[in-house]
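What you see is a predicted model, and the numbers here were worked out from it, not measured in a lab.
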Number of protein chains: 2
Amino acid sequence: MFTIDSRSRVPIYEQLMKKLQELIIRDVMKEDEQLPSVRALAQQLTINPNTIQKAYRELEREGYIYSIPGKGSFVSPVKNKIDKERMEMLRKELERIVGEILYLGVPKDEVIKLIETMEEPERGESGND
Amino acid sequence: MFTIDSRSRVPIYEQLMKKLQELIIRDVMKEDEQLPSVRALAQQLTINPNTIQKAYRELEREGYIYSIPGKGSFVSPVKNKIDKERMEMLRKELERIVGEILYLGVPKDEVIKLIETMEEPERGESGND
DNA sequence: TAACTGTATTATTTATATTAATACAGTTAG
DNA sequence: CTAACTGTATTAATATAAATAATACAGTTA
């Protein structure tokens, strides 16, 4: 299904997450499609099942997939939930950053101006290590 | 000069940095005023001189102080430089966060609206661990 | 029941961050 | 130039945290 670089400084489970997120976001894996089982994937990639499980657990926590004990793990149908959670996180980060900037005495208008100059990004970019 | 909590989970050198930043930002320590020497402060606080030095090194990197080998360490006169560097860092973070948010399809106006609702913070807050 | 599925707990290993020991080099007063 | 101060660089030891692995448990299905 994909390849893993065990020599990379990037943790295996993160590499896994990234690739799976990619597949899900790009709709290569459709809603409710079953993911390979933790053991199957572990065997295929020759890594410990727990590492797969960690990736799956994180992906579930972030709303990308859902798992049913005994049945399997599947692509989450509600993409909006992903956005919801992610947005919540990003909003907090945004507030923190902007808070710090404002603390430095930069007027709010300046911050807004900065954002206004930013371009709406193109979709579909990967960027691996 | 100040106290350190060696039982805290916050590293000693960070505690030190925070307190010194506080003194500098609040102008308790004036421009070009000499800081206690690494050894003097180390002795006073009963901690290793290298820990002090690490704090000083970081503070210098961030523009809060400057050090002259053989002479001592002093409060940096150009406060703007602090803001400059810090702003540069924050700006990058801001762009990253906003970039991610825009990537989720949130329109720019929404982001701006979010910022507009934020309050200009009060000055002078510490917040220790 | 057998062979699959995910999960939880704990231990082990590895990486990173923090602190310390020590030696070096510049500055200045006498 | 020496003595006593200053900051700095290198390296080692220690502490903390992160990543991975071993193992046992529990649900599902044919």
Side-chain angles (χ1 to χ4, degrees), chain A residues 1-21 24 29 32-77 129, chain B residues 1-20 24 29 32-77 128-129:
Chain A
M1 199 166 198
F2 22 56
T3 55
I4 290 296
D5 179 10
S6 55
R7 280 147 214 80
S8 168
R9 251 91 247 133
V10 181
I12 296 172
Y13 81 95
E14 273 190 25
Q15 295 183 43
L16 222 56
M17 284 181 67
K18 187 152 195 171
K19 306 220 170 178
L20 286 170
Q21 285 170 344
I24 294 171
M29 297 202 72
D32 296 313
E33 186 177 336
Q34 183 163 10
L35 291 128
S37 78
V38 288
R39 287 175 183 78
L41 193 50
Q43 196 162 29
Q44 180 193 323
L45 300 176
T46 338
I47 57 183
N48 192 284
N50 263 318
T51 306
I52 312 285
Q53 200 228 321
K54 180 164 187 179
Y56 280 18
R57 192 197 316 141
E58 287 302 301
L59 286 172
E60 180 163 28
R61 199 182 56 79
E62 293 183 13
Y64 286 90
I65 69 176
Y66 63 96
S67 299
I68 304 173
K71 300 199 71 174
S73 300
F74 309 86
V75 175
S76 179
D129 183 45
Chain B
M1 199 166 199
F2 22 57
T3 54
I4 290 295
D5 179 9
S6 54
R7 283 147 212 80
S8 169
R9 252 90 245 132
V10 180
I12 296 171
Y13 80 96
E14 273 189 26
Q15 295 183 44
L16 222 55
M17 285 182 66
K18 187 151 196 172
K19 305 220 169 175
L20 286 170
I24 293 170
M29 297 203 72
D32 297 312
E33 184 176 339
Q34 183 162 11
L35 291 129
S37 77
V38 289
R39 287 175 183 78
L41 193 50
Q43 196 163 29
Q44 181 192 323
L45 301 176
T46 336
I47 58 184
N48 192 286
N50 263 318
T51 305
I52 312 285
Q53 200 228 320
K54 179 163 188 180
Y56 280 18
R57 191 197 316 141
E58 288 302 300
L59 287 172
E60 180 163 28
R61 198 182 57 78
E62 293 182 14
Y64 286 90
I65 69 176
Y66 63 96
S67 298
I68 303 173
K71 299 200 71 175
S73 299
F74 309 86
V75 175
S76 180
N128 271 17
D129 180 46

*Looking only at side-chain atoms of N48(B), point me to the closest of dA21(C), dG6(C), dT20(D).*
dA21(C)
_For A40(A) against S37(A), the heavy-atom pair lying closest together_ = N-OG, 3.0 Å
*asked:* What is the distance, to the nearest angstrom, from the CE atom on M17(B) to the P atom on dT18(C)?
replied: 11 Å
*May I ask which nucleotide in the shown strands pairs with dA30(D), Watson-Crick or G-U wobble, both distances under 3.5 Å?*
dT1(C)
*In the strands shown, is dA17(C) matched to any nucleotide by a Watson-Crick or G-U wobble pair with both distances under 3.5 Å, and which?*
dT14(D)
Between the protein and nucleotides 3-5 of chain D, are there any N/O to N/O pairs under 3.5 Å, and if so, what are the atom names and distances?
none

_Suppose the criterion is salt bridge (charged side-chain N to carboxylate O under 4.0 Å, His left out): which pairs have a residue in residues 37-58 of chain A, not counting sequence neighbours?_
E58(A)-R61(A)
*asked:* Using 0.5 Å steps for rounding, measure from the CE atom of M17(A) to the CD atom of E62(A).
replied: 4.0 Å
*Rounding to a whole Å, what distance do you find between R7(A):CZ and dA19(D):P?*
19 Å
*asked:* Just the rounded figure in Å: distance from P of dA18(D) to CD of Q15(A).
replied: 19 Å
_Rounded interatomic separation in angstrom, taking CD from Q43(A) and P from dA3(C)_ = 15 Å
_Please give me every residue in residues 51-58 of chain A whose heavy atoms get under 4.0 Å of an atom in DNA chain C, ordered by residue number._
Q53(A)
*asked:* Taking donor-acceptor contacts at under 3.5 Å, does the side chain of N50(B) reach the base of dA21(C)?
replied: yes
_So, does S73(A) get its side chain near the phosphate of dG6(C), meaning an N or O under 4.0 Å from OP1 or OP2?_
yes
*asked:* Holding to side-chain hydrogen bond (donor to acceptor under 3.5 Å, both in side chains), I want the full list of residues that pass it with Q15(B), two or more places apart in sequence or in another chain.
replied: none
*Residues two or more places apart in sequence or in another chain: which of them pass side-chain hydrogen bond (donor to acceptor under 3.5 Å, both in side chains) with S67(A)?*
S73(A)
_Nearest-nucleotide 5' precedence on DNA chain D, I47(A) against I68(A)_ = I47(A)
*Minimum heavy-atom separation for R9(A) to R7(A), with atom names?*
NH1-O, 2.8 Å
*Closest-nucleotide ordering on DNA chain D, the 5'-leading residue of P11(A) and S67(B)*: S67(B)
*Would you name the heavy atoms of I24(A) and Y64(A) that are closest together and state the gap between them?*
CD1-O, 3.8 Å
*Closest non-hydrogen atom pair, Y56(B) against I65(B)*: O-CD1, 3.5 Å
*Would you mind reading off the distance between R39(A) atom CZ and dC25(D) atom P, rounded to a whole angstrom?*
14 Å
*Looking at I12(A) and T51(A), what are the two nearest heavy atoms and their distance?*
CG2-CG2, 3.7 Å
*Rounded to the nearest Å, what distance is computed from the CZ atom of residue R61(A) to the P atom of nucleotide dT7(C)?*
14 Å
Contacts under 3.5 Å, N or O only, protein and nucleotides 11-13 of chain C:
none

_With rounding to the nearest 0.5 angstrom, report the CG to CD1 distance, L41(B) to I4(B)._
8.0 Å
*State the NZ-OG1 distance between K19(B) and T3(B), to the nearest 0.5 angstrom.*
4.0 Å
*To the nearest Å, give me how far apart CZ (R9(B)) and P (dA17(C)) are.*
19 Å
*In whole angstrom, give the distance that lies between atom OH of Y66(B) and atom P of dG26(C).*
20 Å
